[in-house]
Structure formats: C-alpha cells, structure tokens
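Whatever order the structure lists them in is the order used to number ligands and atoms, beginning at 1. We number each residue from 1, following the sequence as shown.
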Amino acid sequence: MDCIFCKIISRQIPASIIYEDDKVLAFNDISPKAPVHVLVIPKTHVDTVDELADMSVVADLFLVMKKIAAEQGIDKSGYRIVVNQGHDAGQAVPHLHFHLLGGRSLLGLSIF
Ligand code: AMP
Ligand code: ZN
C-alpha cells in the first residue's frame, strides 16, 4: 500500500519511533508544533475516523498516549490530543493518527 505511515510501520522509511507494541506505533512528528509532538497510529491501516469500525483501536491509542505523556513528563502540565478528519480539517496523511502535543502552553496553537 502506498501509505507513508504504513511505510514507517514496515521500516521502509525512517522515523523517530518512540513506542511500539503489536497494535500501536508512535513516532515524533517531522515538523513539530511543540516540544512534544508525537503521532500515535494503529498498525492496521485505516484512512480516517470516518472509516474506523473497530473502536477498540481508540482505547489502544489512548492508553499509549497516556503512557507517552507520562514518559515525556507532560502528564501534569497538560497536553492536547488532536485528530484531523478529512479535507476541511486539513488531514494530510490518510492513515488515522492522533497528534499528542505538549511541553509548552498550547493556547493559540492552530492545528494546522
Ligand atoms: P495531519 O495534517 O493531521 O494529516 O498531520 C500529518 C502530520 O504528519 C503532520 O504534522 C506532518 O508533519 C506529519 N508527517 C508527515 N510525514 C511525516 C514523516 N515522514 N514522519 C513524521 N511525521 C510526518
Ligand atoms: Zn497506512
């Protein structure tokens, strides 16, 4: 499949991977909007929220995001989780991904 995030999962293209288990991969965003800007994705390709049928994926992703927030030391200061769905939201990569952002005040941050 010609999907950039699937290629990161299969190590066909490099990324700064910070977490992996059998269902979830997390890596640093290549164009970070905050000191912590991690993309958290399901390993099974799904285009968008709208295409998502298996909602257990959402629980898997949230558990990993909580774990990463604690590891990166932003669990107490606060963080933002963003999902862009489709054209009007500016979704650029059609593989479902959650942005985890933190490490500074995010008030006024536009995504994207
Ligand atoms: P979105 O607009 O929600 O689809 O966000 C896509 C995100 O993927 C953007 O924040 C990009 O900076 C990021 N991105 C695109 N290509 C890569 C890559 N090869 N490695 C890491 N992040 C990427
Ligand atoms: Zn994909």
Side-chain angles (χ1 to χ4, degrees):
M1 178 177 293
D2 192 25
C3 167
I4 187 168
F5 287 176
C6 283
K7 287 180 176 165
I8 289 174
I9 292 166
S10 63
R11 306 311 203 259
Q12 288 174 262
I13 65 169
S16 172
I17 293 169
I18 62 162
Y19 177 89
E20 181 169 29
D21 64 27
D22 56 335
K23 295 179 188 161
V24 178
L25 189 77
F27 51 95
N28 290 311
D29 196 292
I30 204 165
S31 179
K33 304 291 189 292
V36 176
H37 187 172
V38 176
L39 300 176
V40 185
I41 68 172
K43 282 187 164 178
T44 301
H45 180 95
V46 54
D47 281 16
T48 63
V49 171
D50 196 53
E51 297 287 321
L52 185 62
D54 176 6
M55 290 302 163
S56 72
V57 169
V58 177
D60 296 335
L61 295 173
F62 265 84
L63 278 169
V64 169
M65 287 190 286
K66 284 180 59 170
K67 190 189 295 248
I68 293 171
E71 280 172 6
Q72 305 260 338
I74 58 170
D75 51 333
K76 302 293 187 289
S77 52
Y79 52 89
R80 183 174 294 164
I81 291 168
V82 175
V83 184
N84 292 317
Q85 158 66 43
H87 176 271
D88 281 2
Q91 183 180 1
V93 179
H95 181 128
L96 178 66
H97 52 282
F98 282 30
H99 298 258
L100 172 64
L101 297 133
R104 68 167 173 87
S105 172
L106 300 170
L107 302 180
L109 175 66
S110 151
I111 303 284
F112 292 118

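Taking hydrophobic clusters as Ile, Leu, Val, Met, Phe, Trp and Tyr residues chained together by side-chain heavy-atom distances below 4.5 Å, Leu100 does not share a cluster with Leu106. When the side chains of ILVMFWY residues are joined at heavy-atom separations under 4.5 Å, either directly or via intervening members, Val40 and Leu109 end up in two distinct hydrophobic clusters. Both Val83 and Met65 are part of a single hydrophobic cluster, where members link through side-chain heavy atoms under 4.5 Å apart. Residues Phe98 and Ile68 are members of one and the same hydrophobic cluster, defined by side-chain heavy-atom contacts under 4.5 angstrom among Ile, Leu, Val, Met, Phe, Trp and Tyr. In this structure, Ile41 is not a member of the same hydrophobic cluster as Val49, with clusters built from ILVMFWY side-chain heavy atoms closer than 4.5 Å.
The shortest side-chain heavy-atom distance between Pro42 and His95 falls under the 4.5 Å cut-off.
In Phe5, the part holding a heavy atom less than 4.0 Å from any atom of ligand 1 is the side chain. Of the heavy atoms in Ala15, none comes closer than 4.0 Å to ligand 1. No part of Val83 comes within 4.0 Å of ligand 1, judged by heavy-atom distances.
Taking every non-hydrogen atom of Ile4 and a distance limit under 4.0 Å, the qualifying atoms of ligand 1 come out as 16 (N), 19 (N). Counting the atoms of ligand 1 from 1 in the order shown, those under 4.0 Å from a heavy atom of Val93 are 4 (O), 6 (C). Listed by atom number, the atoms of ligand 1 under 4.0 Å from His97 heavy atoms are 1 (P), 3 (O), 4 (O), 5 (O), 6 (C). Every atom of ligand 1 with a heavy atom of His99 under 4.0 Å away is listed here by number and element: 1 (P), 3 (O), 5 (O), 7 (C), 10 (O). Interface atoms of ligand 1 facing Asn28, defined by a heavy-atom separation under 4.0 Å, are 21 (C). In summary, the atoms of ligand 1 found under 4.0 Å from a heavy atom of Leu39, numbered by their order in the structure, are 8 (O), 13 (C), 22 (N). With ligand atoms numbered from 1 in the order given, ligand 1 contributes 1 (P), 2 (O), 4 (O) to contacts under 4.0 Å with heavy atoms of Ala92. Of all atoms in ligand 1, listed by their number and element, those nearer than 4.0 Å to a heavy atom of Ser31 are 12 (O).
The shortest N or O to N or O distance between Gln91 and ligand 1 is not under 3.5 Å. In terms of polar-atom proximity, defined here as any N/O pair under 3.5 Å, Asn84 does make such a contact with ligand 1. In terms of polar-atom proximity, Lys33 is not counted as a contact of ligand 1, lacking any N or O under 3.5 Å from an N or O of the ligand. Looking at ligand 1, you won't find any N or O of Phe27 less than 3.5 Å from one of its N or O atoms. Considering backbone and side-chain atoms together, Gly90 places an N or O closer than 3.5 Å to an N or O of ligand 1.
Between His99 and His97, the ring centre distance stays below 6.0 Å.
Nearest heavy-atom pair across Arg104 and Ala34 is NE-CA, 4.0 Å. Closest approach of Gly103 and Pro35 over heavy atoms only: O-CG, 3.5 Å.
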Pair up each side-chain donor or acceptor in residues 4-28 with any protein partner under 3.5 Å, not counting sequence neighbours, and list the distances.
from, atom 1, to, atom 2, distance (Å)
Lys7, NZ, Asp2, OD1, 2.9
Ser10, OG, Cys6, O, 3.2
Ser10, OG, Lys7, O, 3.4
Ser10, OG, Gln12, OE1, 2.9
Arg11, NH1, Ile9, O, 3.2
Arg11, NH1, Glu20, OE2, 3.4
Arg11, NH2, Glu20, OE1, 2.7
Ser16, OG, Asn28, ND2, 2.8
Tyr19, OH, Asp21, OD2, 2.7
Glu20, OE2, Lys43, NZ, 2.8
Asp21, OD1, Lys23, N, 2.8
Asp21, OD1, Val24, N, 2.7

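With sequence neighbours left out, Val36 forms a side-chain contact (heavy atoms from CB on, under 4.5 Å) with Val38, Gln72, Ile74. Residues forming a side chain to side chain donor-acceptor pair (under 3.5 Å) with Asp75 (at least two apart in sequence, or on another chain): none.
In this structure a side-chain-to-backbone donor-acceptor pair under 3.5 Å is missing from His37 to Ile30.
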Please report the C-alpha distance between Thr48 and Asp50 in whole Å, then the side-chain angles of each, then the deciding distance to 0.1 Å, and finally whether the side-chain hydrogen bond (donor to acceptor under 3.5 Å, both in side chains) criterion is met.
CA-CA 5 Å; Thr48 63; Asp50 196 53; 5.1 Å; no

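Taking distances strictly below 2.8 Å, the protein N/O/S atoms close to the Zn ion (ligand 2) are Cys3 SG, Cys6 SG, His45 ND1, His95 ND1.
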